[in-house]
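None of the values given here were measured: they were computed from a predicted structure. One-based numbering along the sequence shown.
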Amino acid sequence: MNKFVHSLLFRGVVAHLLLFVFLFIKDLDFFCANIYDFLIYYFTSLIILILVLGQPSRTLSRISDQLDHLIESDVSENGELSNLSDKVKILGKSISISRNNLESQRNQLDSILTYMVDGVIATDRQGNVILANTAAQNYLNQSAQDLLDHPITKVLNISHEYSFYDLLEKEPELVIDTINHLGKPIFLRVKFVLFRRESGFIAGIVAVLNDKTEQEKLEQEQKQFVSNVSHELRTPLTSVKAYLEALEDGAIHDPEVAHSFIHVSLNETNRMIRMISDLLTLSRIDQKKLPLNKEVVNFVDFLRFQVGRLAQLADADPLNNFTGKFHFVVDFPKGPIWLEIDPDKITQVIDNIIGNALKYSPDGGEIRVTLVVKPSKVLLTISDQGMGISKSDLANVFKRFYRVDQARNSQTGGTGLGLSIVKNIITLHGGSIDAQSQGIGKGTSFIICLPYTDQLSDYNNNQEWDATFDSEFDEVNE
């Protein structure tokens, strides 16, 4: 019964009946008056239709039955039927294999699109979205339902600049900004590619979305870096040029003025040399070409020497831009602590942090240096009573060229590179550094964490201990 319902003859009879019903309803009065003529026309045309469609329908039915018979029965005795049966089975297997291959390829394509890092959006010939993978949905913070069947120019928010036909003709490469599914602003580079059929007709367009947020950020940082370097070099060069011109114009004949001008020029030149040296250090760090020449040193002894050296420098050098005399207070373990460090690089770290403390602390301020041993690490804390850092600035103090107080840094000759170098050096040692402050005017503390292992304590039995540091060293300056 089911086979008959789906047959060509049944469909023709149903179509014929519907046609006459339509004609009967359309001109009801006429056909009611001539009902016998109507029935004659109907049955005559129905017989003709059955005769016309019956033969091909029966033929198709017989072919179908024969194919079923060939597939199900054993026809090995009849060579021709066996041949035909084999071909039918091969055809069926080929169709099944092709269907399975298409399904497998579709699943593979779906998997690739789902796990691609780049977003992919495909449209039909009218520019409406027919496909958007997971990455595209995340980048645009929209679900598949929000994207499908919508114009791509509206989805990408570029309808005010481009129409769909502009995208077809120009295939532009755009950079758009949007908010992703995490609520973060991102930059997307969008590249359009035409999708053509084998006949050559354009079937739509494919848009590939690349997240270029980090690249855009890096480019902005590079531009800012070049701008900062230019400014930092131009300022002292302009100052030196002005003083040299003044000397050339006759100020050199006044010994007191000439000495002052030369002294300022030397300070500005030293400032430029320090900045160029810092830039070279950062360049080596970026290129991973800053080697560490590590040695196992007694860190307590090492710190006492560095603090004592800087205390003497602060007290003896009146031209170092420090604001006055300071008190150094240290709190170290009595016994030795052996660490594997690069002494020169860690000296640079301590010089920078304590140097900043000296520059920004008031006259008579206290600078405290504390060393605490923890399991697998040591904590070195350097605290001052200086100008402090606001909470909004704390997260940025280790960025290149970032300066908390532009005016004071200009006066003291800072370039904003020191703490960036410090952070990189500590990172190279496998450690970390953090800045803490309660706010403006409440001082600043830098906490350095370096890896430590008890295995190095064996050096305590093999190395000589400097007896000069056995006594309690509470203050360097009184």
Side-chain angles (χ1 to χ4, degrees), residues 292-317 320 322 324-361 364-386 418-419 421-422 425-426 428-436 443-478:
L292 292 181
N293 300 315
K294 288 187 175 182
E295 302 176 13
V296 177
V297 301
N298 177 2
F299 201 53
V300 174
D301 197 353
F302 174 81
L303 288 176
R304 288 185 185 276
F305 173 78
Q306 299 299 333
V307 173
R309 176 179 62 84
L310 290 170
Q312 293 176 2
L313 178 65
D315 185 55
D317 185 2
N320 52 20
F322 302 151
K325 293 187 176 297
F326 307 93
H327 293 283
F328 283 84
V329 179
V330 300
D331 183 6
F332 297 155
K334 291 186 178 297
I337 302 297
W338 299 96
L339 292 184
E340 189 176 15
I341 61 171
D342 183 328
D344 292 336
K345 301 296 189 300
I346 298 299
T347 296
Q348 188 176 359
V349 168
I350 295 172
D351 283 356
N352 188 283
I353 296 177
I354 294 183
N356 285 339
L358 293 172
K359 289 177 184 178
Y360 304 133
S361 292
E366 179 183 280
I367 297 174
R368 180 175 293 271
V369 184
T370 305
L371 182 65
V372 178
V373 180
K374 300 282 186 179
S376 74
K377 62 183 178 182
V378 295
L379 297 179
L380 172 63
T381 303
I382 301 175
S383 303
D384 62 54
Q385 298 175 325
L419 289 179
I421 294 174
V422 163
I425 290 176
I426 296 299
L428 286 174
H429 279 80
S432 61
I433 183 170
D434 186 34
Q436 296 180 358
T444 305
S445 295
F446 286 90
I447 300 93
I448 299 172
C449 176
L450 291 172
Y452 170 71
T453 173
D454 291 335
Q455 295 176 354
L456 293 176
S457 62
D458 293 341
Y459 279 84
N460 188 24
N461 300 323
N462 301 324
Q463 303 290 329
E464 293 185 1
W465 174 250
D466 192 343
T468 58
F469 296 109
D470 282 343
S471 60
E472 184 70 20
F473 182 30
D474 291 328
E475 279 197 35
V476 177
N477 281 339
E478 295 184 357

**Request:** Kindly indicate, with the supporting measurements, whether the criterion side chain to side chain contact (heavy atoms under 4.5 Å, CB included) is fulfilled by D344 and N293.
**Result:** CA-CA 8 Å; D344 292 336; N293 300 315; 5.8 Å; no

**Asked** Can you name the one residue among L380, N356, L419 that meets side chain to side chain contact (heavy atoms under 4.5 Å, CB included) with F446?
**Response** L419

**Fill in**
So CZ of R304 and CG of N298: to nearest 0.5 Å the spacing works out to 9.5 Å

**Request:** Nearest 0.5 Å please: distance from the CD atom of Q385 over to the CD atom of E366.
**Result:** 5.0 Å

**Fill in**
Closest heavy-atom pair, L339 versus P451, reported as atoms and distance to 0.1 Å, is CD2-O, 3.6 Å

**Request:** For the pair D351 and R309, evaluate salt bridge (charged side-chain N to carboxylate O under 4.0 Å, His left out) and give the outcome as yes or no after the intermediate values.
**Result:** CA-CA 10 Å; D351 283 356; R309 176 179 62 84; 2.5 Å; yes

**Smallest separation among heavy atoms of V297 and P343, with atom names** = CG1-CG, 4.2 Å

**Message:** Looking at every non-hydrogen atom in both residues, tell me the closest pair between I346 and F302 and how far apart they are.
**Reply:** CG2-CE2, 3.6 Å

**Least distance between heavy atoms, I433 atom then I353 atom** = CD1-CD1, 3.9 Å

**Item:** From CG (D342) to CD1 (I425), nearest 0.5 Å
**Value:** 8.0 Å

**Prompt:** Going by heavy atoms in the side chains, are N352 and I421 under 4.5 Å from each other?
**Reply:** no

**Asked** Rounded to the nearest 0.5 Å, what separation is found between the CZ atom of R368 and the CG atom of D384?
**Response** 12.5 Å

**Asked** Which heavy atom of F299 sits nearest a heavy atom of L450, and at what distance?
**Response** CZ-CD1, 4.0 Å

**Prompt:** Can you check whether L371 reaches P333 side chain to side chain, under 4.5 Å on heavy atoms?
**Reply:** yes

**Asked** For the atom pair CD1 (I426) and CG (D434), what is the distance rounded to the nearest 0.5 Å?
**Response** 12.5 Å

**Asked** Where is the tightest heavy-atom contact between E340 and H429, given as atom of each residue plus distance?
**Response** O-CD2, 4.4 Å

**Nearest-0.5 Å distance, CZ of residue F328 to CG of residue L310** = 6.0 Å

